[in-house]
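Since the model is a prediction, treat every value here as computed from it, not as a measurement.
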Amino acid sequence: GGGVKSIWDAEELFKSGADKVTINSGIVTNPNLIEEISKNFGSQSLVVSIQAKKENDNWNVFYDSAREKTDKNILDWIKICQDLGAGEFLITSIDKEGTEEGFDLQLMEAVSEKSNIPIIASGGFGKLSDLKNIFEFKNVTGVAIANMLHKNTFTVSDIKKYLLENKINTRN
């Protein structure tokens with residue numbers, strides 16, 4: 001991910017050995033890119049990244065590293081992206097990103113009800129017990145964790161051990 005704005009950008013990444021690409025800004029500005037990539041490389045190769053912030057009772061879609069707001073509601077955007085051929089979603093809660101307060105469970109509940117493709121939850125992970133609830137949502141099949149790994153608060157082994165002890169499906 002990062003800077004993919006055309007099918008040619010995606011093709012270069014695939015030629016370099018990538019199995020998947022993740023795109024946010026390029027798709028917000030050109031939704032047809034979803035269809036182009038999925039038709040040429042398969043929907044499994046495309047992860048649509050969506051950055052969302054709650055405003056009033058809706059989650060609005062943002063792009064450009066969460067600096068630019070769109071007029072898109074995340075639930076409507078999810079349907080559009082699925083219809084165009086997205087293979088997976090990476091949903092980041094701007095409200096929770098970097099807070100270490102846990103995942104945005106309201107957001108994940110809403111998107112998991114709307115999505116019929118796998119979802120990676122992102123934003124807010126702070127303690128191992130945050131993992132217990134997130135995988136209860138339909139189609140949430142993964143989490144993105146950065147801060148707690150960068151700070152060496154947890155290791156990948158710590159996280160896997162917790163998941164296995166709590167009977168949450170993971171690779172051993």
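A salt bridge does not link Lys54 with Asp95: every distance from a Lys NZ or Arg NE/NH1/NH2 to an Asp or Glu carboxylate oxygen is 4.0 Å or more. By the 4.0 Å N-to-carboxylate-O rule, Lys127 lies too far from Glu100 to be salt-bridged with it. Salt bridge Arg67/Asp64: present, at least one basic N to carboxylate O contact under 4.0 Å.
Atom CD1 in Ile27 sits 10.5 Å away from atom CD in Glu36 (nearest 0.5 Å). To the nearest 0.5 angstrom, Ser43 atom OG is 10.0 Å from Glu88 atom CD. Put simply, CG on Leu128 and CE on Met148 are 8.5 Å apart, with the number rounded to the nearest 0.5 Å. Taken to the nearest 0.5 Å, the NZ atom of Lys114 stands 7.0 Å off from the NZ atom of Lys79. Taken to the nearest 0.5 Å, the CG atom of Leu13 stands 9.5 Å off from the CD1 atom of Ile37. With rounding to the nearest 0.5 Å, the separation of CD1 in Ile159 from CG in Leu164 is 12.0 Å.
No donor-acceptor distance shorter than 3.5 angstrom exists from the side chain of Ser115 to the backbone of Val111, with no hydrogens or angles considered. At least one donor-acceptor pair under 3.5 Å links the side chain of Thr70 to the backbone N or O of Val61. Between the side chain of Thr22 and the backbone N or O of Val47 there is at least one donor-acceptor pair closer than 3.5 Å. Of the possible donor and acceptor atoms, none in the side chain of Glu101 sits under 3.5 Å from a partner among the backbone N and O of Gly98. In this structure, the side chain of Gln82 engages the main chain of Asn116 through a donor-acceptor pair within 3.5 Å. Between the side chain of Asp83 and the main chain of Ile80, no donor-acceptor pair closer than 3.5 Å is present.
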Decide side chain to side chain contact (heavy atoms under 4.5 Å, CB included) for Phe154 and Ile145; before the verdict, give the C-alpha distance in whole Å, the side-chain angles of both, and the deciding distance to 0.1 Å. CA-CA 10 Å; Phe154 300 110; Ile145 300 171; over 6 Å; no
For Tyr162 and Ser129, run side chain to side chain contact (heavy atoms under 4.5 Å, CB included): C-alpha distance rounded to whole Å, both residues' side-chain angles, the deciding distance at 0.1 Å, then the answer. CA-CA 8 Å; Tyr162 178 85; Ser129 60; 3.9 Å; yes
Let's go through Trp59 and Ile50 carefully: what are the C-alpha distance in whole Å and the side-chain angles of both, what is the deciding distance for side chain to side chain contact (heavy atoms under 4.5 Å, CB included) to 0.1 Å, and is it a yes or a no? CA-CA 11 Å; Trp59 285 276; Ile50 303 175; over 6 Å; no
Carefully, step by step, assess Asn24 and Phe62 under the rule side chain to side chain contact (heavy atoms under 4.5 Å, CB included). CA-CA 9 Å; Asn24 177 332; Phe62 282 68; over 6 Å; no
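The nearest pair of heavy atoms linking Pro31 to Leu84 is O-CD1, 3.4 Å. Of all non-hydrogen atoms in Ser45 and Gly42, the two that sit nearest each other are OG-O, 2.6 Å. Scanning both residues, Tyr63 and Lys69, for their nearest heavy atoms gives CE2-O, 4.5 Å. Annotation for Asp104 and Ser93: closest pair OD2-OG, 3.2 Å, computed over non-hydrogen atoms. Shortest non-hydrogen contact noted between Ala121 and Phe103 is O-CE2, 3.8 Å.
A donor-acceptor contact under 3.5 angstrom links the side chains of Asn166 and Lys132, judged on distance only.
Shown here is Lys161, whose NZ atom has no more than 12 heavy atoms of other residues, nucleotides or ligands within 6.0 Å. Within a 6.0 Å sphere centred on CD of Gln106, heavy atoms belonging to other residues, nucleotides or ligands number 12 at most. Atom NZ of Lys39 is surrounded by 12 or fewer heavy atoms from other residues, nucleotides or ligands within 6.0 Å.
Between Val21 and Phe41 the shortest side-chain heavy-atom distance does not fall below 4.5 Å. By the 4.5 Å heavy-atom criterion applied to side chains, Asn30 and Lys5 are not counted as neighbours. Annotation: side chain of Asn133 is in contact with side chain of Glu136 (closest heavy-atom distance under 4.5 Å). Looking at Thr170 and Ile168, their side chains never come closer than 4.5 Å, going by heavy atoms from C-beta outward.
Exactly one of Val140, Ile78, Leu90, Thr141 qualifies for a side chain to side chain contact (heavy atoms under 4.5 Å, CB included) with Ile119. That residue is Val140. For the side chain to side chain contact (heavy atoms under 4.5 Å, CB included) test with Asn58, the passing option among Asp76, Leu75, Ile74, Asn73 is Asn73; the others fail. Applying the side-chain hydrogen bond (donor to acceptor under 3.5 Å, both in side chains) test between Asn60 and each of Glu55, Lys72, Lys53 identifies Glu55 as the sole match. Each of Leu149, Ile134, Asp130, Val143 was compared with Phe125 under the side chain to side chain contact (heavy atoms under 4.5 Å, CB included) criterion, and only Asp130 meets it.
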